[in-house]
A.B. asks: 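Next up is a structure, given as structure tokens.
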Amino acid sequence: MEKTFLMVKPDGVQRNVVGEIVARFEKKGFQLVGAKLMSIPRELAEEHYGEHKERPFFGELVDFITSGPVFAMVWQGENVIATARQMMGTTNPKDAAPGTIRGDFGLTVGKNIIHGSDSPASAEREIGIFFKEEELAEYTKLIDGWVY
Ligand SMILES: Nc1ncnc2c1ncn2[C@@H]1O[C@H](COP(=O)(O)OP(=O)(O)OP(=O)(O)O)[C@@H](O)[C@H]1O
């Protein structure tokens with residue numbers, strides 16, 4: 001089953017929208033496989049955002065993501081990587097459609113509430129850097145077409 005890494009950023013945790021964000025993915029039909037409130041060590045932030053190392057906003061990005069607790073999650077389900085990105089809305093909340101998470105809760109690109117993996121390769125990489133195997137649940141039983 002496809003999995004993705006999603007993370008409510010420090011601004012989302014401070015604004016008390018963790019529950020609402022979790023509810024949106026639950027109601028959509030995805031399954032929560034792992035979740036934890038955590039503070040990101042600087043080295044982990046630099047590894048997570050490694051592809052942006054040369055960008056002018058890299059320092060700001062790392063400062064922000066380490067500025068307070070984040071809510072890190074792994075979700076699974078059919079097409080979850082692309083669908084979660086659609087539910088998040090465009091990177092800049094200014095352009096994000098109403099009804100999306102960034103469209104409803106965010107204002108600026110630096111504080112855009114949520115992160116989500118953008119491909120199967122980044123999902124695998126990001127799940128691996130934030131979660132240990134034993135922190136992830138397995139849904140194994142199939143009853144009436146639903147996995148439990
Ligand atoms: N011009 C900018 N100024 C400040 N921060 C930025 C800027 N552009 C992007 N960022 C931050 O860097 C993050 C990573 O940018 P990227 O282009 O990978 O967007 P994304 O894939 O939608 O976001 P994320 O990786 O957080 O899901 C963005 O979520 C945003 O918080």
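Counting starts at 1 for both ligands and their atoms, in listed order. In this text the structure is predicted, and so the values were computed from the model without any measurement.
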A.B. asks: With a 4.0 Å cut-off on heavy atoms, is D118 in contact with ligand 1?
C.D. replies: no

A.B. asks: Going by the atom numbers of ligand 1, which of them fall below 4.0 Å from some non-hydrogen atom of Y49?
C.D. replies: 26 (O)

A.B. asks: Atom 22 (O) of ligand 1: which protein heavy atom is closest, and how many Å away?
C.D. replies: T91 OG1, 2.4 Å

A.B. asks: Would K36 pass as a cation-pi partner of F131, given that its NZ or CZ must be under 6.0 Å from the six-membered ring centre and within 45 degrees of the axis?
C.D. replies: yes

A.B. asks: Are I65 and P10 packed together at the side-chain level, in the sense that at least one heavy-atom pair is separated by less than 4.5 angstrom?
C.D. replies: yes

A.B. asks: Closest approach of M73 and M7, non-hydrogen atoms and distance?
C.D. replies: CE-N, 4.3 Å

A.B. asks: If you have a sec, work out which protein heavy atom is nearest atom 2 (C) of ligand 1 and how many Å separate them, to one decimal?
C.D. replies: F57 CD2, 3.5 Å

A.B. asks: Report yes if some heavy atom in the side chain of T4 is under 4.5 Å from a heavy atom in the side chain of S117; otherwise report no.
C.D. replies: yes

A.B. asks: With a 4.5 Å cut-off on side-chain heavy atoms, are V62 and R42 touching?
C.D. replies: yes

A.B. asks: Would you tell me which option among K9, R102, K111 has the nearest heavy-atom contact to atom 23 (O) of ligand 1?
C.D. replies: R102

A.B. asks: Can the ring centres of F58 and Y49 be said to be less than 6.0 Å apart?
C.D. replies: no

A.B. asks: Are any of the N/O atoms on R55, whether in the backbone or the side chain, positioned under 3.5 angstrom from an N/O atom of ligand 1?
C.D. replies: no

A.B. asks: Within the structure provided, determine whether K9 and K111 are in side-chain contact (heavy-atom separation under 4.5 Å).
C.D. replies: no

A.B. asks: List every atom of ligand 1 that sits less than 4.0 Å from any heavy atom of G116, numbering the atoms from 1 in the order shown and giving each element.
C.D. replies: 27 (O)

A.B. asks: Is there a side-chain contact between K28 and F25 (heavy atoms, below 4.5 Å)?
C.D. replies: no

A.B. asks: Select the closest option to atom 21 (O) of ligand 1 among H115, M88, R85, judged by heavy-atom distance.
C.D. replies: R85

A.B. asks: One residue to check: H52. Relative to ligand 1, which of side chain, backbone, both or neither has a non-hydrogen atom less than 4.0 Å away?
C.D. replies: side chain

A.B. asks: Going by the atom numbers of ligand 1, which of them fall below 4.0 Å from some non-hydrogen atom of N112?
C.D. replies: 28 (C), 29 (O), 30 (C), 31 (O)

A.B. asks: Please work out which of L6, I114, L61 has its closest non-hydrogen atom nearest to atom 11 (C) of ligand 1.
C.D. replies: L61

A.B. asks: I want to check something: taking the side chain as every heavy atom from C-beta on, are E135 and V74 in contact at a cut-off of under 4.5 Å?
C.D. replies: no

A.B. asks: Just let me know how T90 lines up against ligand 1, side chain, backbone, both or neither, with a heavy-atom cut-off below 4.0 Å.
C.D. replies: neither

A.B. asks: What protein heavy atom sits nearest atom 30 (C) of ligand 1, and how far off is it?
C.D. replies: V109 O, 3.3 Å

